[in-house]
Amino acid sequence: MAVTGDETAATGDMPAYQIRTPTTTLPQGVVMAASPGTLHSPQQMAEEATRKRELRLLKNREAAKECRRRKKEYIKCLESRVAVLEVQNKKLIQELETLKDICSSKTD
DNA sequence: ACGCCCCCGCGTCAGTCAAC
DNA sequence: GTTGACTGACGCGGGGGCGT
């Protein structure tokens, strides 16, 4: 089989594109937050909240892109597997017909 | 040229899950 | 309980095909 066949190997009921691998890398240019103990004024708190939100959106944006890429790959993989199985099915049907012919000619 | 429809990719939100 | 990663769902905008 040309397909990897690992879509159910690791997690049972989870599609391959859903298998979660830990990612700790941040997008370029992202700076981690200052520790909460260093914050003082309400303005600083608000700026920190805004910065955190922007960071979260940025990361989620990247995660969504990656998620869609994996999903497309997964679907592509399934489609090629379908193609392989269809060819295999045709061959088996053909073989069955041949065997039927042989059997019927013998009983005649 | 124009409107309409369909498809695709994107950004965002909300919910879930696992790790801590 | 909190946090971060992941993903389904939703809405939006752009591009292409098609009929008028």
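Naming: A, B, ... by sequence-line order, numbering from 1 per chain.
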[X] [atom1] - [N] [atom2] separation (whole Å):
{"X": "Leu57(A)", "N": "dC13(B)", "atom1": "CG", "atom2": "C1'", "value": "9 Å"}
{"X": "Asn60(A)", "N": "dG15(B)", "atom1": "CG", "atom2": "P", "value": "14 Å"}
{"X": "Lys59(A)", "N": "dC13(B)", "atom1": "NZ", "atom2": "C1'", "value": "17 Å"}
{"X": "Arg56(A)", "N": "dT2(C)", "atom1": "CZ", "atom2": "C1'", "value": "15 Å"}
{"X": "Tyr74(A)", "N": "dG8(C)", "atom1": "OH", "atom2": "P", "value": "10 Å"}
{"X": "Ile75(A)", "N": "dC7(B)", "atom1": "CD1", "atom2": "C1'", "value": "14 Å"}

Base, sugar-phosphate, or nothing for Arg53(A), non-hydrogen atoms under 4.0 angstrom?
sugar-phosphate
Salt bridge present between Arg51(A) and Glu48(A) (N-O < 4.0 angstrom)
yes
OP1 or OP2 of dG8(C) sitting under 4.0 Å from any side-chain N/O of Lys71(A)?
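It does, given that an N or O in the side chain of Lys71(A) lies less than 4.0 Å from OP1 or OP2 of dG8(C).
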Arg70(A) side chain, from C-beta outward: closest of dT12(B), dC13(B), dC6(C)
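Closest nucleotide among those given: dC6(C).
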Residues which pass salt bridge (charged side-chain N to carboxylate O under 4.0 Å, His left out) with Lys72(A), listed by chain and number, not counting sequence neighbours:
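If we apply the salt bridge (charged side-chain N to carboxylate O under 4.0 Å, His left out) test to Lys72(A), skipping adjacent residues, there are no hits.
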Show every donor-acceptor pair shorter than 3.5 Å between a side-chain atom in residues 94-106 of chain A and any protein atom, with sequence neighbours excluded, or say none if there are none.
| residue | atom | partner | partner atom | Å |
| --- | --- | --- | --- | --- |
| Thr98(A) | OG1 | Gln94(A) | O | 2.9 |
| Ser104(A) | OG | Lys100(A) | O | 3.3 |
| Ser104(A) | OG | Asp101(A) | O | 3.0 |
| Ser105(A) | OG | Asp101(A) | O | 3.3 |
| Ser105(A) | OG | Ile102(A) | O | 2.8 |

Give me, pair by pair, the N or O atoms of the protein and of nucleotides 8-10 of chain B that are less than 3.5 Å apart, along with how far apart they are.
| residue | atom | partner | partner atom | Å |
| --- | --- | --- | --- | --- |
| dG9(B) | OP1 | Lys72(A) | NZ | 2.9 |

For Arg69(A), enumerate each residue passing the side chain to side chain donor-acceptor pair (under 3.5 Å) test, keeping only those at least two apart in sequence or located in another chain.
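Only Glu66(A), Glu73(A) meet the side chain to side chain donor-acceptor pair (under 3.5 Å) criterion with Arg69(A).
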Roughly how far apart are Asn60(A) CG and Arg53(A) CZ, rounded to 0.5 Å?
10.5 Å
I'd like to check the side chain to side chain contact (heavy atoms under 4.5 Å, CB included) partners of Arg61(A); sequence neighbours left out, ordered by chain and number.
Leu57(A), Leu58(A)
